[in-house]
Amino acid sequence: GAEESTLMSYFSKNQIQALKPKITFSTLRDLQCPVLQSNDLQGKPEESCSTEELFEWLGAVFNQVSLDNKSSSFLSTYCCPEPNTVVEKAFLCTITGFIIPEKIIQLLEQLCCYFGEPKLAYWLTLTVHGFADSPVSWRESEHGFHKGGENLYNFVIFRNLDYWLQMAVGTHDDCPP
């Protein structure tokens, strides 16, 4: 009776809160960014950076690691790969929660609209992380945690709508075809 309806309202209210994604925005000022060419995955000295260099740089940016290679830093001596350019303002939006594939496609489409007027960005990225301790990653295979529980993919979309797709999974995990 009354106890059952109280429990039902408690669970429905808390489940809704748990499923509601948390969104945070931040503005990164004077950010050193790698120079990328959409048709050059390997990069070229003095012309553009490789996909691996970009992936490493993104990890530093997401974790708010300083990019200035100071010898006094105990945390990191990482610096932005060459060639790079300083961007006056970069926007970082993080959405945390359970997000269905349809919403990710919608986000990608909205991000591509950003290349309309004014044409400010040369490229942008969308990274999707699975939970490190998720039971599955891709296909029907179990997801092995091992050291880091890597389970993510990253889109790099260019102004001409070319794109790169990068994937990272744990050592014993299946990768999508």
Side-chain angles (χ1 to χ4, degrees), residues 2-29 31 33-34 36 38 41 51-67 75-76 78 87 89-116 120-159 161-177:
E3 192 180 315
E4 192 178 303
S5 64
T6 307
L7 270 174
M8 288 297 285
S9 68
Y10 171 80
F11 279 115
S12 62
K13 187 171 71 181
N14 283 286
Q15 279 181 332
I16 288 165
Q17 284 173 347
L19 291 173
K20 192 175 178 184
K22 179 184 160 207
I23 303 172
T24 56
F25 291 97
S26 55
T27 303
L28 309 173
R29 299 197 179 275
L31 180 68
C33 291
L36 305 176
S38 63
L41 298 166
T51 55
E52 289 90 346
E53 288 172 315
L54 170 76
F55 201 62
E56 194 173 47
W57 175 83
L58 277 173
V61 171
F62 292 156
N63 289 291
Q64 297 175 332
V65 171
S66 167
L67 306 175
L75 180 64
S76 169
Y78 176 80
V87 173
K89 262 196 241 177
F91 297 105
L92 181 60
C93 172
T94 306
I95 304 169
T96 309
F98 185 80
I99 301 155
I100 58 173
E102 288 79 5
K103 286 285 177 202
I104 293 166
I105 291 165
Q106 208 176 339
L107 270 171
L108 265 176
E109 286 170 351
Q110 285 175 341
L111 282 171
C112 288
C113 294
Y114 192 72
F115 290 123
L120 298 173
Y122 289 99
W123 52 268
L124 49 83
T125 67
L126 172 70
T127 305
V128 181
H129 280 267
F131 297 105
D133 56 357
S134 170
V136 293
S137 56
W138 278 293
R139 297 185 179 170
E140 289 85 36
S141 297
E142 285 184 25
H143 173 51
F145 187 91
H146 298 283
K147 290 182 182 168
E150 297 86 359
N151 182 19
L152 65 105
Y153 59 90
N154 178 57
F155 279 102
V156 185
I157 306 146
F158 294 89
R159 196 185 274 178
L161 299 186
D162 281 355
Y163 70 91
W164 297 346
L165 174 60
Q166 300 169 302
M167 298 178 186
V169 291
T171 320
H172 300 285
D173 289 359
D174 259 355
C175 214

Min side-chain heavy-atom separation I104-L126 under 4.5 Å: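 Side-chain contact under 4.5 Å: yes.
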Rounded to the nearest 0.5 Å, what separation is found between the [atom1] atom of [X] and the [atom2] atom of [Y]?
X    : Y    : atom1 : atom2 : answer
W123 : W164 : CH2   : CH2   : 8.5 Å
L108 : I157 : CG    : CD1   : 4.5 Å
T125 : L58  : OG1   : CG    : 5.0 Å
L152 : M167 : CG    : CE    : 10.5 Å
L124 : R159 : CG    : CZ    : 10.5 Å
L92  : T24  : CG    : OG1   : 7.0 Å

Non-neighbouring partners of T94 that pass side-chain hydrogen bond (donor to acceptor under 3.5 Å, both in side chains), sequence neighbours left out: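 Expected list: none.
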Set of residues satisfying side-chain hydrogen bond (donor to acceptor under 3.5 Å, both in side chains) with respect to S38, sequence neighbours excluded: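 Counting only residues at least two positions away or on another chain, S38 forms a side-chain hydrogen bond (donor to acceptor under 3.5 Å, both in side chains) with D162.
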Neighbour count >12 (heavy atoms, 6.0 Å) for atom OH, Y122: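 Atom OH in Y122 is not packed in, count stays at 12 or less.
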Pairing residues for Y163 by the ring-ring contact (aromatic ring centres under 6.0 Å, His included) criterion, not counting sequence neighbours: F155
Shortest non-hydrogen contact from Q166 toward V156: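 Looking at all heavy atoms of both residues, the shortest contact is OE1-CG2, 3.9 Å.
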